[in-house]
Amino acid sequence: MALRLFNTMSSQIEEFRPLRDQEVRMYACGPTVYDYGHVGNFRTFVAVDLLRRFFRQSGYAVRHVMNITDVDDKIIRNAASDGVSVQQYTAKYEKAFLEDAAMIGIEEPMLVRATEHIPEMAVFVSKLVEKGFAYRSDDGSYYFRIAKFPQYGKLSKKDFSGMLDGARVDVDEYDKDSARDFALWKAPKPGEASWDTPIGPGRPGWHLECSVMSMEELGETFDLHAGGEDLVFPHHENEIAQSESLTGKPFARFWFHARFLLVEGEKMSKSLGNFFTLRDLVLKGHKPSSIRYLLTSVPYRSQLNFTFDGLKQAAVSVERLRNFRLRLSAGNFSPGATSQMQALAEQSVERMTGALDDDLNTAQAQAAIFEMVRQANAAFDTGGIKQDDVPPLLSALTKFDEIFAVLDDDDVPKMERVLDWAVSEGREKDISDELRAALQSGQLSDADIEKKIAEMQAARAARDFKASDAIRAELAEAGILVEITKDGIRWRRK
RNA sequence: GGCGCGGUACCCAAGUGGUAAGGGAGAGGUCUGCAAAACCUUUAUGCGUCGGUUCGAUUCCGACCCGCGCCUCCA
């Protein structure tokens, strides 16, 4: 079975096939680095990451390019009010973005920056002017003439045919031929950051960078272009218009858009007080793995309701999967294999892959792995797992984690970094007791813990349960959970 | 107003023209010195409302109610 993906262009689920065998070329619209990324941003980026990972698991080499928008009106304004250069300003937030992305398991794509492609953008604009698709206004700005691109609106399913002539013209935009024409190049206003180029001084319009950089890295026609649903119009529509006008060829073949999320049932907004950056959530004590799990638990085209209750539920779910893996890796099994477990592992992988093939149905993929965990756990309890059953079961789990990336327990060091950052930013007051408690377990070294466990073992051998329980309580206090199993004492950091 | 998406148990949420995945939470139980983990049982004759099509609809059609998105460089 092959991957079937919803294509915004056709509004249908289509079978995905890259243009070149075995290689997927994809471009994702990245962040405008003017602030810390919020959960909404990361829902989209995580969805794209999942897609990229699944492409790779499906056997494709993936060339994944993402832009960093490091110049726009907001950046220029904020940098000016902070009294720093645009470069200084964006460097800080780009770094923060990349740290955050890594924190929730996003594999780093090839990064391209708008400010590093100014000359190419100027060339792009001048070619559009030559071909008659763009024009220069009196102030030195350049606009794309959408009347020259009859297919304008094909992605967002908008009909502009009736609005092109005689459309109302905003007073501010008197120099555009049509109100719908969009800026390719903006002439500088006094004091604004600007670049000197053959087409005159100024800075790129927002859409230009994506066309220029995607085609430069991936070719004039590539396989897939991704972003948040808000980008369908005008951003991606404009990219198509300017790119296809220039090349005369189809731009991206698949358009992948992630739906916005709700926070506590409402649209996220600063005024509602439900606006959270990734760092805010970690400061409240939530694990990066919980956040990633919650973000992936609802298929990318559905509206996800991101709640704190959901975050807690996600943490427990991840815990369950991690426990299962621990159980398998640490257990003692008798030699041999069972047809039941062999079949279970195989079927689970099939179900999981089948679900992801179906337009990335992550909810069903998760259901498949949990079904396996339940059945295997039940078998475990009755000795129904043999030595040779363990590798296929673990491998199914690994296959799951190649996509979802939540099983490795590296939450504590990641959270520590956020705590350090908060301290360095003078935001100690935002560090919750929950976060401090979650980091407790990082205080003791493995050796310290092992020593305590050995003491516990000795006490238990002497049937001194009181002493043993005291040690267990002490460790629990330090964030270490001790479990006594038939295979010995096991511990883990909470 | 134009275009589009959705309303499934206490919460999150998948899904199908033939009688409701999975996770969390709750309750009861098994195991255990006690915990933890795990397992078992249990929690929607019901899938926004009202009609229609059909042998049969949660799934198709229509109307209505509610929520959400894009149409203003917000992922």
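First the proteins, then the strands, lettered A, B, ... as listed; each starts at 1.
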Item checked: Base paired to B:rG67 (Watson-Crick or G-U; both N/O distances under 3.5 angstrom) -> B:rC5
Note to self: Once you apply a heavy-atom cut-off of 4.0 Å, does A:Pro31 come out as touching a base, just sugar-phosphate, or nothing?
What the structure shows: nothing
Margin query: Taking B:rC47 as the reference, what is the distance to B:rG28 when you measure between their C1' atoms (whole Å, please)?
Written below: 28 Å
Margin query: Checking contacts here: which listed nucleotide (B:rG23, B:rC70, B:rG22) is nearest the side-chain heavy atoms of A:Arg320?
Written below: B:rG23
Check: Who is the Watson-Crick or G-U wobble partner of B:rA44, with both distances under 3.5 Å?
Finding: none
Notebook entry, point to check: How many Å lie between CD on A:Glu483 and C1' on B:rA38, as a whole number?
Noted result: 10 Å
Notebook entry, point to check: Is there a side-chain polar atom (N or O) of A:Arg374 under 4.0 Å from OP1 or OP2 of B:rC40?
Noted result: yes
Next item on the list: Assess the side chains of A:Asp280 and A:Thr277: does a donor N or O sit below 3.5 Å from an acceptor N or O?
Entry: yes
Margin query: Just to be sure I understand the rule, does A:Val232 reach a base, reach only the sugar-phosphate, or reach nothing, if contact means heavy atoms closer than 4.0 Å?
Written below: nothing
Next item on the list: Provide the distance between the two P atoms, one in B:rC12 and one in B:rG48, to the nearest whole Å.
Entry: 14 Å
Next item on the list: Output yes when at least one side-chain N/O atom of A:Arg180 is less than 4.0 Å from OP1 or OP2 of B:rU72, else no.
Entry: yes
Checklist line | Contact nearer the 5' end of RNA chain B, comparing A:Thr32 with A:Arg351 | finding: A:Arg351
Next item on the list: Give a yes or no on whether a salt bridge exists between A:Lys189 and A:Asp73, defined as a side-chain N under 4.0 angstrom from a carboxylate O.
Entry: no
Margin query: Quick test of your reading of the model: are A:Arg4 and A:Glu14 salt-bridged, counting only N-O distances below 4.0 Å?
Written below: no
Next item on the list: Among the candidates B:rC74, B:rG69, B:rG23, find the nucleotide nearest to the side-chain atoms of A:Gln313.
Entry: B:rG23
Checklist line | C1' atoms of B:rG51 and B:rA57, separation to the nearest Å | finding: 13 Å
Next item on the list: Compute whether any side-chain donor of one residue and acceptor of the other, for A:Asp309 and A:Thr307, lie under 3.5 angstrom apart.
Entry: no
Margin query: Of the listed nucleotides (B:rG15, B:rA37, B:rA75), which one gets closest to any side-chain atom of A:Asn323?
Written below: B:rA37
Item checked: Spacing of A:Arg327 atom CZ relative to B:rC39 atom C1', expressed in whole Å -> 8 Å
Margin query: Does this structure show an ion pair linking A:Asp100 with A:Lys95, if we count only N-O contacts that are shorter than 4.0 Å?
Written below: no
Check: Which part of the nucleic acid does A:Leu261 contact within heavy-atom distance under 4.0 Å: base, sugar-phosphate only, or nothing?
Finding: base
Next item on the list: For B:rA35 and B:rU49, measure between their P atoms and round to the nearest Å.
Entry: 44 Å
Checklist line | Nucleotide opposite B:rG33 in a Watson-Crick or G-U pair, distances under 3.5 Å | finding: none
Next item on the list: Grab the NE2-P distance between A:His235 and B:rG69 for me, whole Å please.
Entry: 21 Å
Next item on the list: Establish, with yes or no, whether the OP1 or OP2 oxygen of B:rA36 is under 4.0 angstrom from a side-chain nitrogen or oxygen of A:Lys494.
Entry: no
Check: Looking only at atom C1', what distance separates B:rG7 and B:rA14, rounded to whole Å?
Finding: 15 Å
Next item on the list: Rounded to the nearest angstrom, tell me the gap between atom CG in A:Leu321 and atom C1' in B:rA38.
Entry: 14 Å
Notebook entry, point to check: Is the distance from OP1 or OP2 of B:rG69 to the nearest side-chain N or O of A:Lys267 less than 4.0 Å?
Noted result: yes
Check: Is the phosphate of B:rC39, meaning OP1 or OP2, less than 4.0 Å from a side-chain N or O of A:Asn377?
Finding: yes
Check: Does A:Asn305 put a side-chain nitrogen or oxygen below 4.0 Å from OP1 or OP2 of B:rA13?
Finding: no
Next item on the list: Please work out if A:Arg460 contacts a base, only the sugar-phosphate, or nothing of the nucleic acid, heavy-atom cut-off 4.0 Å.
Entry: base
Check: Between A:Phe370 and A:Tyr293, how do the two ring planes meet: parallel, tilted or perpendicular, split at 30° and 60°?
Finding: perpendicular
Margin query: What is the distance, to the nearest angstrom, from the CD1 atom on A:Ile75 to the P atom on B:rC74?
Written below: 11 Å
Next item on the list: Could you state the atom-to-atom distance from CG of A:Leu360 to P of B:rA14 in whole Å?
Entry: 14 Å
Margin query: Does A:Asp230 reach a base, just sugar-phosphate, or nothing at all? Heavy atoms under 4.0 Å.
Written below: base
Next item on the list: Check every strand shown and say whether A:His38 touches a base, only sugar-phosphate, or nothing at a heavy-atom separation below 4.0 Å.
Entry: base
Margin query: Using the six-membered base ring of B:rG69, report whether A:Phe260 stacks on it, requiring centroids under 5.5 Å and planes under 30° apart.
Written below: no
Notebook entry, point to check: Within the structure shown, what part of the strands sits under 4.0 Å from A:Gly227 by heavy-atom distance: base, sugar-phosphate, or nothing?
Noted result: sugar-phosphate
Margin query: Does a side-chain N or O of A:Ser302 approach OP1 or OP2 of B:rA14 to a distance below 4.0 Å, or not?
Written below: yes
Item checked: Distance, P atom - from B:rG46 to B:rU41, rounded to whole angstrom -> 24 Å
Next item on the list: Please work out if A:Ala258 contacts a base, only the sugar-phosphate, or nothing of the nucleic acid, heavy-atom cut-off 4.0 Å.
Entry: nothing
Item checked: Ionic contact status for A:Lys466 with A:Asp469, cut-off 4.0 Å -> no
Check: If you look at every strand shown and take non-hydrogen atoms under 4.0 Å, does A:Leu294 touch a base, only sugar-phosphate, or nothing?
Finding: nothing
Checklist line | Check: A:Thr485 side chain, A:Asp487 main-chain N or O, donor-acceptor pair, under 3.5 Å | finding: yes
Check: Just checking A:Phe370: base, sugar-phosphate only, or nothing, at a heavy-atom cut-off of under 4.0 Å?
Finding: sugar-phosphate
Note to self: Mind checking if A:Arg472 touches a base, just sugar-phosphate, or nothing, with heavy atoms under 4.0 Å?
What the structure shows: base
Item checked: Integer angstrom distance from the P of B:rA21 to that of B:rU43 -> 12 Å
Margin query: Using a 4.0 Å heavy-atom cut-off, does A:Val482 contact any base of the nucleic acid, only the sugar-phosphate backbone, or nothing at all?
Written below: base
Next item on the list: Give a yes or no on whether the ring-centroid distance for A:His257 and A:His236 is below 6.0 angstrom.
Entry: yes
Margin query: With a 3.5 Å limit on both atom pairs, tell me what B:rU19 is paired to, counting Watson-Crick and G-U wobble, or say none.
Written below: none
Check: Quick one: A:Arg325 CZ to B:rA38 P, roughly how many Å, whole number?
Finding: 15 Å
Note to self: Both A:Leu231 and A:Gly310 contact RNA chain B. Which one's nearest nucleotide lies toward the 5' end?
What the structure shows: A:Gly310
Check: Rounding to a whole Å, what distance do you find between A:Ile489:CD1 and B:rC34:P?
Finding: 16 Å
Margin query: Roughly how many Å apart are B:rU53 and B:rC61, using the C1' atom of each and rounding to a whole number?
Written below: 7 Å
